[in-house]
Amino acid sequence: MITAKELREKYFEFFKKKEHALIPSASLVPENDPTILFTTAGMHPLVPYLMGQKHPSGKRIVNVQKCVRTGDIDDVGDTMHLTFFEMLGNWSLGDYFKKESIPWSWEFLVDELGIDPGKLYITVYEGDENVPRDDESIKIWQGLFKKASISAGVADSSSGGSMDDKLPGDMPRIFPLGREDNWWGPAGKTGPCGPDSEMFYDVGKDGCSDACCPGCSCGKYVEIWNNVFMEYNKKEDGTYEPLAQKNVDTGMGVERTVTILNGEDCVFESDTIRPVLDKVRELADQKSDESERIIADHIRSAAMIISDGVVPSNLDQGYVVRKLIRRAIRHARLIGISDMFCSKVALAVINIMRGQYPELKDNKDQIISEFDQEEEKFTKTLKKGLKKFKDLVSKEAMSDQAINGKDVFDLFQTYGFPLEMTREMADEHDLSVDEKGFYEEFNKHQELSRTATQGRFKGGLADNSEQTTKYHTTAHLMLAGLREVLGKHVQQKGSNITAERLRFDFSHPQKMTDNQICDVQDFVNDAIVSDYDVECEEMNVDEAKEKHAVGVFDSKYGDKVKVYTIGNLSKEICGGPHVERTGDMGEFKIIKEQPASAGVRRIRAVLE
Ligand code: GLY
């Protein structure tokens, strides 16, 4: 048996011997990238260093990074998918490359972890019109297999079955695959990326077909590690240029590797999840692998995210946490957990994870209290909402239609059912939901935040409380102030509003000076003191353009848009809501001005 702790420690020790510096995991909430909600891979926090900035710890780094990926959330419940996981990585920031990285991976897997090399299979990048097949990696792998007296034929990439270079009767060992499988990055739309080579472990069961090979998702070949050879930069126009330096970014999923090494076939058996699952089982009256796993996974993710400072809300990361918790609650009710349970399960998460992530210890009370509040809130409406849903199902089943957008919105607004939860429930009854209608209804009733309209709708819905309304209006004034002080090139690049503060990203190439910050602050405070009316008019997009309203002219706004005008200072397309007058919003203060991403600055500001 190997534990997650033992695996991490072996990994760190191994790479420390190879002169790597151990750095702590970065937060799950990206500090410097407004385009993503969560850290989904080790590379995010390291992008500036992959691009050439000097890392304070040197050119060789080793770490374990907390990651959240919600893209496959619907698959959670099977044996392999998780929304939160830990990823071990070793990094060359313009230092070593393939000929060191690949043999070290072999050495760690075979010599340190004792994996039988006969069970290892490799994939490499098959090449395309711009980037050649990764023959260098193939050669290095073949040399390593040869030393272990294992023939390592290369599969013909077009057939997946025949080989360039193998003994008759041998299964190929190395599989060139395309971009879908063997290309990694960039983290956002642009940035460092490159081909990768992946290591698969054959768990020994039968393949799904004769063509089954690494890369197939049937579960015979499980990926345990990948080495990305990050030597390209993807540009705005979609083309690639060589990076100033060649990097290596490797990723080994802790839960998955522990599972495989222990001969298990389900990640929920790994020692950092099993106690969480056990807690769920202890509380449940009925057995359901799927619901138990969904609950364990979602509470685990939510606990880790809350520990990094996010609270359940209707906006961005907060909305993801809300969805995770509410889905877990619904599944808990399905398996007979009728009392408050979230914080009990969260405590199991804290206990098992706090050794590696000590912030969980410090944030324990906050985590427990957020779970309790969210569960209390949702429990109040869940029963009635489920009753309403049942009525809808019988109505819609009769008419054989999708559940209409107004009803889905009512479930959201009145009963707190996240859209995704309603969709899942509808699916269980072979019904679909009218998502377009839901969004239309949502737009009519509430604000579709600017960030959301820029493609992050899945992340969050706008929060509507009084204080956030004030911050929405403040954001308009601040954008006007920034354009006045810095110039008309300034455009809003994102915003994140909570009842406590406003975070605002905007395009501007340099750090703001202290004087500029003061001038923007004064501009906003003057506008507040002047007590302007905030006027709202509905018009079509062309009229809004004619009137020089700023904002995203995006079809998602629909034909008619709302334009909010504040005196002669600001005219913006926005869904609202806004205060009626600027007068009693409080005193505006910029707390921090910092870089967000290339050419984008971020301001944190409060109303006091
Ligand atoms: N090393 C790339 C990844 O798996 O995230």
Side-chain angles (χ1 to χ4, degrees), residues 7-8 11-12 14-15 20 22-23 25-28 30 33 35-51 55 60-72 80-98 100-102 104-106 108-109 122-125 134 137 177-189 191-201 214-215 217 221-234 243 245-260 267 301 304:
L7 176 65
R8 291 187 211 106
Y11 193 95
F12 296 154
F14 180 82
F15 283 102
H20 288 61
L22 176 63
I23 61 163
S25 171
S27 168
L28 280 170
D33 190 348
T35 65
I36 47 169
L37 290 176
F38 293 108
T39 303
T40 61
M43 75 174 286
H44 291 156
L46 292 170
V47 166
Y49 311 105
L50 295 164
M51 295 294 284
H55 194 288
R60 294 184 183 192
I61 303 282
V62 62
N63 65 353
V64 64
Q65 175 61 48
K66 299 181 276 191
C67 299
V68 163
R69 291 185 190 170
T70 53
D72 292 337
M80 276 294 157
H81 283 91
L82 296 171
T83 53
F84 169 87
F85 63 97
E86 301 175 74
M87 183 138 67
L88 288 161
N90 57 287
W91 302 83
S92 160
L93 304 170
D95 191 42
Y96 58 85
F97 207 48
K98 295 177 189 177
E100 294 85 6
S101 167
I102 292 175
W104 288 346
S105 290
W106 175 281
F108 185 70
L109 293 175
I122 306 299
T123 62
V124 296
Y125 188 49
D134 191 357
S137 293
L177 298 176
R179 224 162 244 264
E180 284 270 290
D181 292 282
N182 283 74
W183 188 274
W184 185 262
K189 265 180 125 176
C193 55
D196 80 342
S197 181
E198 306 191 350
M199 289 145 264
F200 289 78
Y201 183 84
S217 60
Y221 300 100
V222 181
E223 184 199 332
I224 48 175
W225 204 354
N226 62 38
N227 293 12
V228 187
F229 306 115
M230 229 164 232
E231 51 178 325
Y232 296 98
N233 178 35
K234 186 173 182 189
L243 275 175
Q245 64 184 38
K246 290 183 176 188
N247 307 292
V248 177
D249 150 5
T250 86
M252 174 187 273
V254 173
E255 296 84 351
R256 193 183 273 197
T257 305
V258 165
T259 304
I260 296 296
V267 275
S301 279
M304 298 304 294

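Ligands are counted one by one from 1 in listed order, and the atoms in each one are counted from 1 as well.
Side-chain contact annotation: Ser197 with Asp134, donor-acceptor N/O pair under 3.5 Å absent.
The OG atom of Ser92 sits 10.0 Å away from the CD1 atom of Ile61 when rounded to the nearest 0.5 Å.
Relative orientation of the Trp104 and His20 rings is perpendicular, given thresholds of 30° and 60° on the angle between their planes.
Annotation: ligand 1 has protein neighbours Ala41, Arg69, Met87, Trp184, Asn226, Val228, Asp249, Thr250, Gly251, each with a heavy atom less than 4.0 angstrom from the ligand.
Tested against Leu88 for a side chain to side chain contact (heavy atoms under 4.5 Å, CB included), the candidates Phe15, Trp225, Tyr11 yield a single pass: Tyr11.
Under the 3.5 Å distance criterion, the side-chain polar atoms of Gln65 are left unmatched by any main-chain donor or acceptor of Ala41. Formation of a donor-acceptor pair under 3.5 Å by the Thr83 side chain with backbone atoms of Thr70 is not found in this model.
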